[in-house]
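Structure first, commentary second.
The chains referred to below are lettered A, B, ... by the order of the sequence lines, with proteins before strands, and numbering in each begins at 1. Keep in mind that what you see is a predicted model, and the values were worked out from it rather than measured.
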Amino acid sequence: MELDKINKLLEAYFDGSTSLEDEAILMDYFNNHTVADHLLQYKPIFVGLSAAQNESSNRNFKIAEPTAKFIKPWWYAVAGMTVLAVGIGSLFLSQPQLSQEEKETLIAFEKSKKALMMLSENLNKGTQQLSFVNQFSETKEMFWKETSE
Amino acid sequence: MDKKEFTEIVMPLKDRLYRLAKRILVSADEAEDAVQEIIFKLWKGRQNLEKYRSTEAFAITMTKNYCLDRLKSKQASNLKIVHSNYPTSQNIEREVEANEGVALVFKIMETLPEQQKIVLQLRDVEQLEFSEIAIILDSNETAIRVALSRARKTIRETMIKKYDYGIR
């Protein structure tokens with residue numbers, strides 16, 4: 001490899017005026033040949049660039065499946081609606097069933113409470129009236145005592 | 001375009017797209033996510049894929065734009081992309097990085113402005129013609145030559161400063 005040619009190519013390289021072929025020559029020189037001492041400073045640049053060319057990713061890139069992309073939301077929607085419908089339905093269906101019995105019991109309880117209250121009120125009235133009877137019997141007792149003696 | 005055809009056209013590009021994504025985003029994980037996203041997008045728009053003159057140029061442009069957007073949104077939300085490129089992955093780059101000089105070259109490449117970084121990647125790593133790069137970056141060949149020259153010179157000068165090669 002002519003050193004003179006490499007020197008010229010290098011100069012052109014840094015001016016951005018080399019062709020792809022020229023750059024391939026430079027790349028080959030710095031990667032595969034014994035580099036002249038005064039050019040050693042450029043070696044890392046070309047070694048690095050050639051290393052960068054071989055870099056790749058190990059990840060397994062996927063192509064989006066068109067079917068998976070469209071059917072999935074549809075299934076999700078149906079499943080979601082079903083769950084929601086069942087939830088709301090059970091809420092509506094279960095509540096009246098329970099309260100039907102409860103309501104009847106509650107009405108019966110209220111009614112009997114009212115009846116008992118009325119009974120106790122009247123009973124109270126009755127005992128109040130009874131005190132008069134008591135008074136009467138007391139006086140009658142006194143009267144009877146006097147007359148019997 | 002069916003799945004087989006799509007795979008034949010797009011899958012050979014994946015490494016090229018990955019390298020560009022990694023050049024821009026630095027993190028290998030982020031770059032892989034970006035490539036996956038681009039493949040999804042290409043598949044979604046596969047009807048339009050035939051319209052473009054070069055699927056490859058289109059895919060590279062898409063990757064470039066996506067990665068730059070990603071970078072911007074990360075910066076906007078004050079989140080830096082932290083790269084945890086563990087040495088377990090068997091990348092040749094890493095093996096060579098043991099060489100101090102080469103590691104420095106990669107570090108300098110990270111500090112380049114995005115546009116120069118992309119031009120350098122497409123030309124010196126992917127070896128594309130200037131005309132192709134001009135289409136991908138929606139620019140002209142002169143502007144690309146200038147950006148490329150700047151990028152290459154920045155690497156050279158930073159290397160010389162660091163190692164004092166010039167003085168010895």
Side-chain angles (χ1 to χ4, degrees), chain A residues 3 6-74, chain B residues 3 6-7 10-11 14-15 18-19 21-23 28-29 31-33 35-36 39-40 42-44 89-97 99-106 109 119-121 123-130 144-153 155-156 159-160 163 165-166:
Chain A
L3 212 58
I6 297 294
N7 281 330
K8 269 189 190 136
L9 281 180
L10 258 182
E11 205 161 306
Y13 173 80
F14 285 109
D15 284 335
S17 52
T18 39
S19 68
L20 282 177
E21 289 74 39
D22 296 338
E23 284 159 24
I25 293 170
L26 285 173
M27 209 65 105
D28 177 62
Y29 173 74
F30 281 101
N31 278 291
N32 305 322
H33 293 83
T34 322
V35 178
D37 275 353
H38 75 284
L39 294 178
L40 266 178
Q41 55 177 310
Y42 301 118
K43 192 179 156 111
I45 297 175
F46 293 96
V47 172
L49 287 174
S50 113
Q53 283 166 13
N54 294 315
E55 206 183 347
S56 65
S57 162
N58 291 327
R59 195 191 286 191
N60 197 10
F61 294 109
K62 287 185 195 76
I63 299 167
E65 290 284 344
T67 45
K69 247 204 152 165
F70 288 106
I71 277 185
K72 233 184 198 173
W74 181 78
Chain B
K3 210 181 150 190
F6 179 83
T7 311
V10 173
M11 281 315 184
K14 72 178 172 67
D15 285 334
Y18 167 72
R19 287 191 289 263
K22 186 162 179 266
R23 189 66 56 219
D29 282 341
E32 282 174 344
D33 289 347
V35 172
Q36 181 64 79
I39 290 174
F40 279 160
L42 285 170
W43 172 255
K44 248 186 178 175
S89 58
Q90 296 169 324
N91 272 328
I92 301 156
E93 184 190 340
R94 208 132 301 118
E95 283 166 33
V96 185
E97 258 177 12
N99 181 331
E100 219 182 319
V102 175
L104 184 63
V105 170
F106 283 115
M109 275 164 81
V119 171
L120 189 77
Q121 175 71 19
R123 175 69 178 190
D124 278 356
V125 177
E126 304 305 345
Q127 294 162 319
L128 298 180
E129 290 288 356
F130 285 118
I144 284 159
R145 274 180 202 274
V146 170
L148 184 64
S149 169
R150 281 199 189 130
R152 287 169 173 172
K153 280 179 173 161
I155 294 178
R156 178 178 67 180
M159 296 275 300
I160 289 171
Y163 282 107
Y165 275 128

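The CE atom of Met159(B) sits 10.0 Å away from the OH atom of Tyr42(A) when rounded to the nearest 0.5 Å. The CG atom of Asp33(B) lies 4.5 Å from the CZ atom of Arg59(A); values are rounded to the nearest 0.5 Å. Here Asn60(A) contributes atom CG and Glu32(B) contributes atom CD; the two are 11.0 Å apart, rounded to the nearest 0.5 Å. Considering CZ of Arg19(B) and OG of Ser56(A), their distance stands at 7.5 Å, rounded to 0.5 Å. Taking CZ from Arg152(B) and CG from Leu10(A), the interatomic distance works out to 10.5 Å, rounded to the nearest 0.5 Å. Note: Leu49(A) CG to Phe106(B) CZ = 7.0 Å, rounded to the nearest 0.5 Å.
The most heavy-atom pairs under 4.5 Å with chain A, out of Lys14(B), Arg156(B), Gln127(B), come from Arg156(B). Note: Arg123(B) leads Arg123(B), Arg145(B), Arg150(B) in heavy-atom pairs under 4.5 Å with chain A. Listed options Asp124(B), Asp15(B), Val105(B) were ranked by heavy-atom pairs under 4.5 angstrom with chain A; first place goes to Asp124(B).
In this structure, chain A has a heavy atom under 4.5 Å from the backbone of Leu128(B), while its side chain stays farther away. Both the backbone and the side chain of Glu129(B) come within contact range of chain A, each with at least one heavy atom under 4.5 Å from a heavy atom of that chain. If you measure heavy-atom distances from Tyr13(A) to chain B, the contacts under 4.5 Å come from both the backbone and the side chain. When heavy atoms are compared at a cutoff of 4.5 Å, Gln53(A) approaches chain B by way of both its backbone and its side chain.
For Asp37(A), the CG atom counts as loosely surrounded, since its 6.0 Å shell holds 12 or fewer non-hydrogen atoms of other residues, nucleotides or ligands.
Contact between Phe40(B) and Ile63(A) at its shortest, heavy atoms only, is CE2-C, 4.0 Å. Nearest heavy-atom pair across Ser149(B) and Gly16(A) is CB-N, 3.9 Å. Shortest non-hydrogen contact noted between Gln36(B) and Lys62(A) is NE2-O, 2.7 Å.
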>> What verdict does the salt bridge (charged side-chain N to carboxylate O under 4.0 Å, His left out) test give for Asp15(A) and Lys153(B), after you've listed the backbone C-alpha separation in whole Å, the side-chain angles of each residue and the deciding distance to 0.1 Å?
In response: CA-CA 8 Å; Asp15(A) 284 335; Lys153(B) 280 179 173 161; 3.1 Å; yes
